[in-house]
**Student:** 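The structure under discussion is supplied below as structure tokens; questions concerning it will follow.
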Amino acid sequence: MPRQRLYINIDHVATLRQARRGAEPDPFDAARLCERAGADGITAHLREDRRHIQDADVERIRAGITTVFNLEMACTDEMLAIAERLRPHQATLVPEKREEITTEGGLDVRHDQKRLAAGIARLNAAGIRSSLFIDPDEASVRAAHALGARAIELHTGTYANRANDPAPLRALERAAELGASLGLAVHAGHGLTVRNVGPVAAIPACEELNIGHSIVSRAVFVGLVEAVAEMRRAMDAARQSS
Ligand code: PXP
């Protein structure tokens, strides 16, 4: 099975910094360390309310990392203009509500088509790989394909929250297979940890995982380099043994 990419979401390093509105810890330094520890890419979500990642962070990440930058963003004019200027390798469109703690569900790809299609068209025209964060169901995968996205990121939150229920994993497997059969690149993420990543890492069509909170949390105890290495080992072991 081909190696799966690990993109690390460094938003939570910025969350810690913003607790004091100071300079530390620096998400850019964290990004560089993640890369040295084996990350294949860096993900950061520039939220409209700038609660963690700031505009200056995305500028520095874009200019200074040696892997690739996946900019997570809402499909708004402001964010699309920033993406067009920065030209990250990839932009992942996510739904965004100001009151939420984290991205709670996938995009409403069936009912928000005009706005999403226009956003995807702008990203594609700028040479930015467009990805849509969607729930793992057939209608969402088909809609993402019809909208012209190059990739889908399957929301693994339900899988992560329902440890003893086989249904969410089956849904991810089916959605991944369908996405790949339609020619979409298939990614996944949200709520993944060293303990639950195995079955998702083992989905053959899934070429990239985006993981943040559990790696940054684990880094408090073992350091960022080891936290990244632990996740890498868990992903590789799952793919090798399936
Ligand atoms: N992918 C997307 C689209 C997200 O919004 C998030 C959370 O910001 C993640 C992946 C990473 O989720 P977690 O921090 O739970 O690993």
Side-chain angles (χ1 to χ4, degrees), residues 1-7 9 40-41 43 45 70-75 79-80 83 88-97 100 102-125 128-162 165-192 196-212 235 238-239 242:
M1 220 184 279
R3 186 176 178 278
Q4 190 172 51
R5 299 188 297 274
L6 170 60
Y7 283 21
N9 182 320
D40 301 291
T43 297
H45 185 175
N70 174 33
L71 175 63
E72 258 184 48
M73 52 183 251
C75 188
M79 290 299 153
L80 287 163
H89 168 71
Q90 177 168 291
T92 301
L93 297 179
V94 300
E96 205 177 288
K97 295 192 216 96
E100 71 190 354
T102 180
T103 315
E104 283 162 4
L107 287 161
D108 186 359
V109 270
R110 282 177 292 163
H111 300 109
D112 202 7
Q113 299 207 341
K114 219 170 140 198
R115 196 171 64 96
L116 287 171
I120 291 164
R122 279 176 69 173
L123 294 172
N124 290 346
I128 302 163
R129 198 164 183 264
S130 54
S131 180
L132 297 189
F133 190 44
I134 59 169
D135 291 322
D137 60 70
E138 181 180 343
S140 296
V141 176
R142 290 195 185 281
H145 177 246
L147 287 169
R150 302 282 187 261
I152 47 174
E153 181 178 340
L154 301 174
H155 198 309
T156 51
T158 305
Y159 162 79
N161 288 336
R162 304 222 304 251
D165 181 355
L169 179 61
R170 281 295 300 136
L172 287 165
E173 290 168 343
R174 277 197 300 268
E177 217 170 288
L178 174 62
S181 76
L182 293 171
L184 292 163
V186 178
H187 313 153
H190 208 281
L192 296 176
N196 70 17
V197 76
V200 179
I203 297 174
C206 186
E207 46 182 83
E208 172 188 313
L209 298 184
N210 280 274
I211 307 180
M235 290 164 60
R239 273 177 102 75
S242 66

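Quick caveat: nothing in here was measured; it's all calculated off a predicted structure.
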**Student:** If I compare all heavy atoms of Ala117 with all of Leu147, which pair ends up nearest, and what's the gap?
**Tutor:**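 Looks like CB-CD2, 3.7 Å.
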**Student:** Starting at CG of Asn9, measure out to CG of Asn210 and round the result to the nearest 0.5 Å.
**Tutor:**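 With rounding to 0.5 Å, CG (Asn9) is 7.0 Å from CG (Asn210).
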**Student:** What are the two closest non-hydrogen atoms of Gln4 and Cys206, and how far apart are they?
**Tutor:**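 What the structure gives for the nearest pair is NE2-O, 2.9 Å.
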**Student:** If you define the side chain from C-beta out and look only at heavy atoms, does anything of Leu178 sit under 4.5 Å from Glu138?
**Tutor:**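 Side chain of Leu178 against side chain of Glu138, heavy atoms only: contact under 4.5 Å found.
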**Student:** Do you know which two heavy atoms are closest between Leu192 and Gly189, and how far apart they sit?
**Tutor:**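 Where Leu192 meets Gly189 most closely, the heavy atoms are CD1-CA, 4.0 Å.
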**Student:** Under 3.5 Å, is there a donor-acceptor pair linking the side chains of Glu72 and Asn70?
**Tutor:**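 No, no side-chain donor-acceptor pair sits under 3.5 Å.
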**Student:** On a heavy-atom basis, which atom in Arg239 and which in Pro204 lie closest, and how many Å separate them?
**Tutor:**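 The answer is NH2-O, 3.2 Å.
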**Student:** Can you tell if the side chain of Met73 reaches within under 4.5 Å of the side chain of Leu80, non-hydrogen atoms only?
**Tutor:**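 A side-chain contact exists here, since the closest heavy-atom pair is under 4.5 Å.
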**Student:** For a 4.5 angstrom cut-off between non-hydrogen side-chain atoms, does Ser242 reach Met1?
**Tutor:**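 Yes. Closest side-chain heavy atoms under 4.5 Å.
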**Student:** Identify the two heavy atoms, one from Ala176 and one from Val186, that lie closest to each other, and give their separation to 0.1 Å.
**Tutor:**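 Heavy atoms only, the tightest pair is O-CG2, 3.6 Å.
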**Student:** Tell me, with the steps shown, if Ile134 and His155 meet side chain to side chain contact (heavy atoms under 4.5 Å, CB included).
**Tutor:** CA-CA 6 Å; Ile134 59 169; His155 198 309; over 6 Å; no
**Student:** How far does CG of Asn196 sit from CG of Leu169, to the nearest 0.5 angstrom?
**Tutor:**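 Here the rounded value is 10.5 Å.
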**Student:** Heavy atoms, side chains only, cut-off 4.5 Å: are Tyr7 and His187 in contact?
**Tutor:**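 Answer no - side chains too far apart.
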**Student:** Considering only heavy atoms from C-beta outward, does the side chain of Leu71 approach that of Thr92 to under 4.5 Å?
**Tutor:**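 Counting from C-beta outward, Leu71 and Thr92 never come under 4.5 Å.
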**Student:** Any chance you could measure Glu173, atom CD, to Ile203, atom CD1, to the nearest 0.5 Å?
**Tutor:**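 It is 5.0 Å, given to the nearest 0.5 Å.
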**Student:** Please determine whether side chain to side chain donor-acceptor pair (under 3.5 Å) holds for the pair Asp137 and Ser140, giving the CA-CA distance in whole Å, both sets of side-chain angles, and the decisive distance to 0.1 Å.
**Tutor:** CA-CA 6 Å; Asp137 60 70; Ser140 296; 2.9 Å; yes
**Student:** Would a distance-only check, ignoring hydrogens and angles, find a side-chain to backbone donor-acceptor pair under 3.5 Å from Thr156 to Ala188?
**Tutor:**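 No, because the side chain of Thr156 does not come within donor-acceptor range (under 3.5 Å) of the backbone of Ala188.
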**Student:** Between the side chains of Arg174 and Glu177, is the shortest nitrogen-to-carboxylate-oxygen separation below 4.0 Å, so that they form an ion pair?
**Tutor:**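 Looking at Glu177 and Arg174, the cut-off is not met.
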**Student:** So which of Asp112, Leu107, Asp108 actually passes side-chain contact (heavy atoms from CB on, under 4.5 Å) with Pro95?
**Tutor:**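 When Asp112, Leu107, Asp108 are each tested with Pro95, the side-chain contact (heavy atoms from CB on, under 4.5 Å) holds only for Leu107.
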**Student:** Just how far is it from atom CD of Glu96 to atom CZ of Phe133, taken to the nearest 0.5 Å?
**Tutor:**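 Spacing of CD (Glu96) from CZ (Phe133) equals 12.0 Å.
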**Student:** Taking all atoms of both residues into account, what is the closest heavy-atom pair of Gly191 and Ala160, and its distance?
**Tutor:**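 Taking every non-hydrogen atom into account, O-CB, 3.3 Å.
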**Student:** Please round to the nearest 0.5 Å and tell me the distance separating atom OG1 of Thr158 and atom CG of Asp135.
**Tutor:**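 Answer for the OG1-CG pair, Thr158 versus Asp135, is 6.5 Å.
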**Student:** Do Leu154 and Ile152 make a side-chain contact, defined as non-hydrogen atoms from C-beta onward lying under 4.5 Å apart?
**Tutor:**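 A side-chain contact under 4.5 Å exists here.
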**Student:** Could you check Glu153 against Leu132 for side chain to side chain contact (heavy atoms under 4.5 Å, CB included), going step by step and ending with a plain yes or no?
**Tutor:** CA-CA 6 Å; Glu153 181 178 340; Leu132 297 189; over 6 Å; no
**Student:** Is there side-chain contact between Leu209 and Arg5, with at least one heavy-atom pair below 4.5 Å?
**Tutor:**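 They are not in contact (no side-chain heavy atoms under 4.5 Å apart), so the answer is no.
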**Student:** Hey, are the side chains of Leu93 and Ser130 touching, using non-hydrogen atoms and a 4.5 Å cut-off?
**Tutor:**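 Not touching, per the 4.5 Å side-chain cut-off.
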